[in-house]
*Asks:* 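Please find one structure pasted underneath; my questions will follow.
When a residue number appears, it is its place in the shown sequence, counting from 1.
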Amino acid sequence: MPKMDNMLAILWMLSSGKKITAKQISEKLEVNIRSVYRYIDTLSTSGVPIISDTGHNGGYTLLNNFIQAPLFFDSEEQTSLFHAAVFAEEAGYYGGEALHRAMSKLSNYSNQEQEVKVNRHVTSLEVISRISSLSLTPFLKELEQAVAEGCSVNIHYHQSGTELFKYRLIDPYKIIYWNNKWYVIGFCHLRRDFRSFRVDRMESLMVTENKFNRTENFSAHDFFMKNLLPTTENKEEMVSVVITGDIRALDDICQHWFLGHYLQERTSKQAVFFLEKDMIHTYVPYLLLPYGKSLQVIEPASLKKKLIEILSELINFHQV
């Protein structure tokens, strides 16, 4: 058994709260007593508060409060956990209080050398928090509980593009965080089909006692992405869009969450996309305008014409 596994096994033995001797550890792990003493010394050096009693009834025990301490997180692992907490807080993660408690435990049970090293790395990273006046924490906590326990929820939901709110009974399958927004994917009893609901559009939410059975092999991720990005199955409705320009601008649009899905060909000076006709004259022009002269549409001519129309409308609007 590797050295680290042996030390972890010793910690689990000590975490029982009972006194245990070096001989008992030796027999349990099938190692010699000298190795046990080395493991105990290594654990003590790393900051584990092991109490050693000598004499006829001697043995090893742990301080009571260490039983709840995180085990064997090295400085790199601790740094990663702290960094993950920073990103989670920026996203509006609903388990913020529990996350802060976990981070406090890491700090409290680290030795001084570990704490100093980790703090240097933690302070090297900062995530600029998004601006949000709406706290979704209560809704997200209840939704997570409902997903975990398989309970239906009643929501008062704001329909997009209208001022109307409707009550919906849904069976929540998964919570998704995408593009700075929280969604819940679930079966809608009103529509008798799966739907995605934005959490920030919920006026109220109530977890019911009704339990639901999950549909087998349903992927919330696949459902969400399929609805987000239309398929390209109908080739007759698709048109090639050819764009040239600055290499950095081309890199940017090729990595765009939407356009990147339709990228067909890329060279150092050109990108070719395969898009639906309706998208070309509605969504795409507004994606390209911010790039100014950095990008140029080669084809189709209809997209170039649409760009000119939009720019002309803007000029007329601002000249009034």
*Asks:* Which heavy-atom pair separates Leu29 from Ala9 by the least distance, and what is that distance?
*Replies:* CD2-CB, 3.7 Å
*Asks:* Got more than 12 heavy atoms from elsewhere within 6.0 Å of CZ, Arg214?
*Replies:* yes
*Asks:* Looking at Asp193, I want to see if its CG is surrounded by more than 12 non-hydrogen atoms of other residues, nucleotides or ligands under 6.0 Å.
*Replies:* yes
*Asks:* Give a yes or no on whether His221 atom NE2 has more than 12 heavy-atom contacts from other residues, nucleotides or ligands under 6.0 Å away.
*Replies:* no
*Asks:* Count the heavy atoms belonging to other residues, nucleotides or ligands that lie under 6.0 Å from OH of Tyr167, then report whether that count exceeds 12.
*Replies:* no
*Asks:* Closest heavy-atom contact between Asn213 and Tyr173?
*Replies:* O-OH, 3.7 Å
*Asks:* For residues Asp246 and Ser294, is any side-chain donor paired with an opposing acceptor at under 3.5 Å?
*Replies:* no
*Asks:* Please report the interatomic distance NE2(His261) to CG(Leu275), rounded to the nearest 0.5 Å.
*Replies:* 9.5 Å
*Asks:* If the threshold is 4.0 Å, N to carboxylate O, is there a salt bridge linking Arg198 and Asp200?
*Replies:* yes
*Asks:* Over 60° means perpendicular and under 30° means parallel, so classify the ring planes of Tyr283 and Trp257, tilted if in between.
*Replies:* tilted
*Asks:* Parallel under 30°, tilted from 30 to 60°, perpendicular over 60°: which one fits the rings of Trp182 and Tyr94?
*Replies:* perpendicular
*Asks:* Would Asp41 and Ser44 count as a side-chain hydrogen bond (donor to acceptor under 3.5 Å, both in side chains) if you check the C-alpha gap in whole Å, the side-chain angles of each, and the deciding distance to 0.1 Å?
*Replies:* CA-CA 5 Å; Asp41 287 341; Ser44 298; 5.5 Å; no
*Asks:* If you take all heavy atoms of Ser240 and Pro300, which pair is closest and at what distance?
*Replies:* O-CD, 3.5 Å
*Asks:* Could you state the interatomic distance from CG (Asp222) to CG (Asn227), rounded to the nearest 0.5 Å?
*Replies:* 11.0 Å
*Asks:* How many angstroms lie between atom CD of Glu299 and atom CD1 of Ile243, to the nearest 0.5 angstrom?
*Replies:* 10.5 Å
*Asks:* At their closest point, which heavy atom of Pro285 faces which heavy atom of Ile280, and how far apart are they?
*Replies:* CD-O, 3.1 Å
*Asks:* Step through it carefully: locate the ring centre of Phe187, locate the ring centre of His189, and say whether they are under 6.0 Å apart.
*Replies:* yes
*Asks:* Would one find more than 12 heavy atoms of other residues, nucleotides or ligands at under 6.0 Å from atom NZ of Lys293?
*Replies:* no
*Asks:* Please give me the minimum heavy-atom distance between Leu99 and Ala88, naming the atom from each residue.
*Replies:* CD2-CB, 4.0 Å
*Asks:* For residues Tyr262 and Val241, determine if any side-chain heavy atom of one lies less than 4.5 Å from a side-chain heavy atom of the other.
*Replies:* no
*Asks:* Closest approach of Tyr286 and Pro290, non-hydrogen atoms and distance?
*Replies:* O-CD, 3.3 Å
